[in-house]
Amino acid sequence: MTRPEDRPAWHALDAHRDAMMDTTLSTLFDQDPGRFDALQGEAAGIFIDFSKNHLLRAAAGAQEDTHALLVQLAVESDVAAKRDAMFAGAIVNPTEHRPALHVALRAPRNADIRVDGENVVPEVHAVLDRVCTFSERVREGEWLGFTGKPITDVVNIGIGGSDLGPLMATEALAPFAHERLSMHYVSNVDGSHLVSVLKRVNPETTLFIVASKTFTTQETLTNARSARGWFLESKATDKDVARHFVAVSTNDEAVSEFGIDTDNMFGFWDWVGGRYSLWSSIGLSVALCIGPERYRQFLAGAHAMDRHFAEAPLESNLPVTLALLTVWYNNFLGCNSHLIAPYDQYLHRFPAYLQQLTMESNGKSVHVDGSRVDVETGPIVWGEPGTNGQHAYFQLLHQGTHVIPTDFIVPLESLNPLGEHHELLLANCFAQSEALMRGKSGDAVRAEMRDAGRSDAEIDALVGHRSFAGDRPSNTITVQRMDAAALGALIALYEHKVFVEAAIWDIAPFDQWGVELGKQLAKTVHSELSAGKTVSSHDASTNGLMNRAIKRRGLLA
Ligand code: G6Q
């Protein structure tokens, strides 16, 4: 195995970074009128302006072309072969001995994608058809609750990949939601989450979706049991559970053990990773919310991005470009944090979704062969919708000591046109990326203050505080409207970006042993907390905390 830092392109980028350190983004724009046209791309309805990044252009007179050097790194890292292996159903999740075939979930009916020699697409479409038929029945008011009333509320009980994706997508596509159906998501084992939802719904008209790939996740099963208990406290009886509880899982046995008829179960497969499962029947709540037709458009949008990723040359491949920029900042320019700033209120859960996608996939410290990684891997991803962020954490972006590459995401048209709201939203988005890039020099501050009649002493005292270094990079991603197809393409763009980063770092993006650890640890502590005895088997801090909780909760036997 060649370690990433031993690749010739890595060395070339190291040297290139040293040579370009003094070039600012403003200078690059001032010297190169063709920069915006050259450093942009469009595919599957997604347009990306990546010109406000620290990239030198050979075509604009630079000795070396940063993007070309980065593409060379992708070539040397076998990105294309690794991508093709993923699409072909190879074992790209080696520690769990599985393919990762979320692309098969959004492939058209006539596609042929094989796992162990068998085309999985017909089975994928059979489940998708069931999801669509069921959704239609609920939406049309044909699927009735135990007292004969149509369903009005859907509660998805799941966590992590079985929650964040559907929750994010139903929020993002809220303008297309069915009028009668209210969607609710319960994930936290904190009883307050479930209780607060149950206070708002009626057992006669509520459908629960228990969404769990493994159907063994403690939080989800605990919430599902309590929801069933609440349901049975009404006039409902055991036989009514079938009309009000459906399951989404790969584990038939555990589903029937829980008491859900497997006729009311929507399956998927172990080659679908949790954080990639939105496209499987885990998306049932999304289909219920926006309807089968739009749900299929959502899948088609993702498929369009899949085709672009699979077919476009590396140098004009959008997921590859975004990944290379992250590698550039993360590994060469010392920026280990990445901000996602959607200028779209409906995308308010998108940063949280991408946080899981990125940090669970690429939060790794060993290479695929198990040897220790010596370069930085996945960055810290975070975010909140703009413009709200501008009134809060953007201060650090403008004047803090950390440089944080940012993805601005904005639809050009609003789904809720209202006066000049959308122009103002766009103006804020574009103005922020410009200000981050341009900054404001001390001279400009001095001139401004002098014009305002401020004294020299005042100016000297304030000039440092009121100056902005600028030179802060960003991408701006636009779509025409954030409809189902655009959202599908946007999510797929980031999924593939994360995959390319992992290919370059030579890490395994499709496992999550750290998350598995959390699932195991809580089990032991839980059994000790409920045993009613003083605990002494842990470190002093953990013993102390547990004993305090046992005592203060009156659990000592
Ligand atoms: C995703 C993760 C994790 C998982 C949850 C829920 O990639 O593995 O977030 O989705 O732990 O797991 P279940 O769906 O099995 O309940």
Side-chain angles (χ1 to χ4, degrees), residues 86 92-103 105 127 131 155-169 185-190 193-194 208-227 245-255 257-258 260 265-286 349-364 378 381 491-492 494-496 498-499 501-502 507-523 526:
M86 177 180 74
V92 291
N93 177 356
T95 68
E96 295 179 301
H97 310 290
R98 291 172 188 164
L101 269 181
H102 36 289
V103 294
L105 302 171
V127 176
V131 163
V155 181
N156 187 88
I157 299 178
I159 196 165
S162 301
D163 167 74
L164 278 164
L167 166 59
M168 176 275 290
Y185 289 84
V186 174
S187 52
N188 201 322
V189 76
D190 179 348
H193 202 179
L194 180 65
F208 292 92
I209 302 172
V210 186
S212 175
K213 179 177 168 181
T214 55
F215 229 78
T216 57
T217 305
Q218 198 188 44
E219 292 94 328
T220 299
L221 292 187
T222 306
N223 277 323
R225 275 189 219 104
S226 299
F245 283 78
V246 299
V248 178
S249 186
T250 56
N251 188 345
D252 310 38
E253 221 172 285
V255 167
E257 206 173 295
F258 178 85
I260 295 181
M265 168 180 163
F266 300 87
F268 59 111
W269 306 270
D270 71 354
W271 42 261
V272 181
R275 56 196 169 278
Y276 299 87
S277 61
L278 167 62
W279 317 100
S280 71
S281 43
I282 289 285
L284 177 61
S285 58
V286 184
R349 293 303 286 159
F350 192 62
Y353 172 78
L354 284 191
Q355 193 169 57
Q356 175 183 32
L357 176 67
T358 311
M359 294 171 72
E360 196 173 353
S361 299
N362 288 347
K364 309 288 164 65
V381 171
I491 300 169
Y494 279 98
E495 285 178 346
H496 296 319
V498 166
F499 174 79
E501 291 164 8
I507 56 175
F510 296 117
D511 61 19
Q512 55 284 315
W513 297 103
V515 170
E516 308 299 340
L517 174 72
K519 293 188 182 187
Q520 288 159 15
L521 289 180
K523 278 189 194 153
H526 177 234

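Nothing fancy with the numbering, it's 1 onward along the sequence. The analysis underlying the following values was restricted to heavy atoms, covering all of them including side chains, and did not include hydrogens, waters or symmetry mates. Order of appearance sets the numbers: ligands from 1, and atoms from 1 within every ligand.
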> Under 3.5 Å between some N or O of ligand 1 and some N or O of E516?
Replying inline: no
>> Using 0.5 Å steps for rounding, measure from the CG atom of L167 to the CD1 atom of I159.
In response: 12.0 Å
> With atoms numbered from 1 as shown, which atoms in ligand 1 lie under 4.0 angstrom from a non-hydrogen atom of G274?
Replying inline: 1 (C), 7 (O), 10 (O)
>> If we count only N and O atoms by modelled type, under 3.5 Å, do the side chains of E96 and W513 hold a donor and an acceptor together?
In response: no
> Side chain of S249, backbone of S212: donor and acceptor closer than 3.5 Å?
Replying inline: yes
>> Return the closest protein heavy atom for atom 6 (C) of ligand 1 as residue, atom name and distance.
In response: I159 O, 3.2 Å
> Is it true that atom CZ of R349 has more than 12 heavy atoms of other residues, nucleotides or ligands lying nearer than 6.0 Å?
Replying inline: no
> Which part of Q512 is near ligand 1, with near meaning a heavy atom under 4.0 Å away: side chain, backbone, both or neither?
Replying inline: side chain
> Are M86 and H102 close enough that some pair of their side-chain heavy atoms sits under 4.5 Å apart?
Replying inline: yes
> Against heavy atoms of S162, which atoms of ligand 1 measure under 4.0 Å?
Replying inline: 10 (O), 13 (P), 14 (O)
> For atom 11 (O) of ligand 1, what is the nearest protein heavy atom, given as residue, atom name and distance?
Replying inline: K519 NZ, 2.9 Å
> So, does E219 sit close enough to ligand 1 that a heavy atom of it is under 4.0 Å from the ligand?
Replying inline: no
> Can you tell me which residue and heavy atom of the protein come closest to atom 9 (O) of ligand 1, and the distance to 0.1 Å?
Replying inline: Q356 NE2, 2.7 Å
> Quick one: nearest non-hydrogen protein atom to atom 2 (C) of ligand 1, plus distance?
Replying inline: E360 OE2, 2.8 Å
>> For a quick check under 3.5 Å, do Q520 and E516 share a side-chain donor-acceptor pair by atom type?
In response: no
>> Using a 4.0 Å cutoff against the non-hydrogen atoms of S212, which atoms of ligand 1 qualify?
In response: 13 (P), 14 (O), 15 (O), 16 (O)
> Judged by modelled atom types alone, do T214 and N251 share a side-chain donor-acceptor pair under 3.5 Å?
Replying inline: no
> Between T214 and ligand 1, does any nitrogen or oxygen pair lie at a separation below 3.5 Å?
Replying inline: yes
>> Pairing donors with acceptors under 3.5 angstrom, does anything connect the side chains of T358 and Y494?
In response: no
> What atoms of ligand 1 come within less than 4.0 Å of a heavy atom belonging to T217?
Replying inline: 12 (O), 13 (P), 15 (O), 16 (O)
>> Regarding ligand 1, does G161 bring an N or O atom to under 3.5 Å of one of the ligand's N or O atoms?
In response: yes
>> Any salt bridge linking R98 with D511? Criterion: basic side-chain nitrogen under 4.0 Å from a carboxylate oxygen.
In response: no
